[in-house]
Amino acid sequence: MFEARLTQGSLLKKVMEAIRELLNEASFDCSENGIQLQAMDNSHVSLVSLNMGSEGFDKFRCDRNLTMGMNLASLSKILKCASNSDAITLKAQDDPDTVTFTFESENNERVSDYSMKLINLDQEHLGIPDTEYSCVVKMPSADFARICKDLSQFGDCITISCTKEGIKFSVAGDIGTGNVKLAQTANVDKESEAVTVEMQEPVSLTFACRYLNHFTKATPLSEQVQLSLSADVPLVVEYKIGEFGHIRYYLAPKIDE
Amino acid sequence: PKKQLTLSAFFDQR
């Protein structure tokens with residue numbers, strides 16, 4: 001028996017929005033530790049790694065580890081039927097072929113349930129090595145989203161350069177070039193508005209705009225985003241999910257031919 | 001022109 005209840009059901013809706021454009025389908029792995037998902041996009045250029053710890057659910061029971069393969073377009077249809085203020089409960093039997101979603105309104109006067117057929121997915125799992133990154137930058141997530149959107153108008157890829165002074169995003173295209181520099185903030189009133197840079201070595205790497213813009217669909221999950229960069233390895237873009245989870249996107253760099 | 005790498009160049013299959 002698997003049962004997970006999240007009072008703040010809007011978090012699950014936001015998680016869905018954060019992955020549904022990148023992935024067609026994905027397996028949700030459930031264990032007593034919580035819910036995990038790892039999936040690559042079709043082109044194997046980016047990977048989504050989602051972790052929601054069991055401690056973040058107000059009810060969590062998982063008697064046996066199980067994997068639930070879901071079509072994300074179908075899942076999205078179901079979660080769109082939940083209001084932002086609803087509590088969401090997921091339920092499945094051991095070795096399930098369906099999963100049930102129950103949405104309860106705040107006053108419990110409206111309860112709806114939807115069941116969805118699960119699918120068998122033969123998904124490749126990748127071992128992601130522990131990496132000490134040369135630069136780790138934390139910045140407001142809305143700012144990152146705006147920069148990616150603005151610079152995407154001018155070219156297909158964005159070069160991210162990081163030094164101890166700050167982080168620079170650059171684009172070059174047919175009509176010209178664009179650069180956005182963010183300095184490390186000295187002191188800000190709100191932690192959510194800070195830009196912080198932890199740098200061992202300066203780094204400059206280039207990434208496809210298309211994927212960066214997909215990642216920014218996670219912006220409503222967290223006011224801050226963390227970018228981890230090292231020379232010649234994939235970028236990691238991380239958004240926290242409340243106090244109990246995260247969504248990490250890995251993106252392979254573009255290199256000179 | 002730049003070449004897009006894939007993740008298989010970095011991560012091992014489990």
Side-chain angles (χ1 to χ4, degrees), chain A residues 22-23 27 29 36 38-49 67 122-131 133 155-160 170-174 204-212 215 228-237 248-257, chain B:
Chain A
L22 212 51
L23 307 172
S27 285
D29 296 316
Q36 276 91 34
Q38 192 204 79
M40 279 190 285
D41 72 280
N42 280 337
S43 57
H44 290 198
V45 169
S46 69
L47 179 142
V48 178
S49 173
T67 295
D122 189 19
Q123 286 204 323
E124 299 167 83
H125 266 70
L126 295 178
I128 301 165
D130 278 334
T131 307
Y133 288 92
D156 296 339
C157 48
I158 293 177
T159 298
I160 304 178
S170 310
V171 63
D174 294 340
S204 182
L205 283 166
T206 300
F207 300 98
C209 291
R210 194 162 88 80
Y211 294 95
L212 295 172
F215 303 166
S228 303
L229 300 120
S230 275
D232 305 320
V233 304
L235 163 74
V236 190
V237 179
R248 286 187 191 138
Y249 301 95
Y250 293 82
L251 177 59
K254 286 186 141 195
I255 56 164
D256 288 320
E257 294 260 32
Chain B
K2 286 187 180 280
K3 179 181 151 195
Q4 175 67 63
L5 299 177
T6 62
L7 291 173
S8 55
F10 304 98
F11 299 154
D12 292 333
Q13 229 151 300
R14 269 205 304 250

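To find a chain, count down the sequence lines: A is the first, B the second, and so on, and within it residues start at 1. Hydrogens, waters and symmetry mates are skipped; everything else that's a heavy atom, side chains included, is used.
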Honestly, the part of Asp156(A) sitting under 4.5 Å from a heavy atom of chain B is neither
How long is the span from the NZ atom in Lys254(A) to the NZ atom in Lys3(B), to the nearest 0.5 Å? 12.0 Å
Measure distances from Thr206(A) to the heavy atoms of chain B and classify the residue's part below 4.5 Å as side chain, backbone, both or neither. side chain
Quick one: closest heavy-atom pair of Leu251(A) and Leu7(B), and the distance? C-CD2, 4.4 Å
What closest approach, in Å, do Gln4(B) and Ala208(A) show between heavy atoms, and which atom pair accounts for it? OE1-CB, 3.7 Å
If you count heavy-atom pairs within less than 4.5 Å of chain B, which of Val233(A), Leu47(A), Asp256(A) leads? Asp256(A)
Ring centres under 6.0 Å, that's the criterion: do Phe10(B) and Tyr250(A) meet it? no
Nearest heavy-atom contact between Ala252(A) and Leu5(B) is CB-O, 3.2 Å
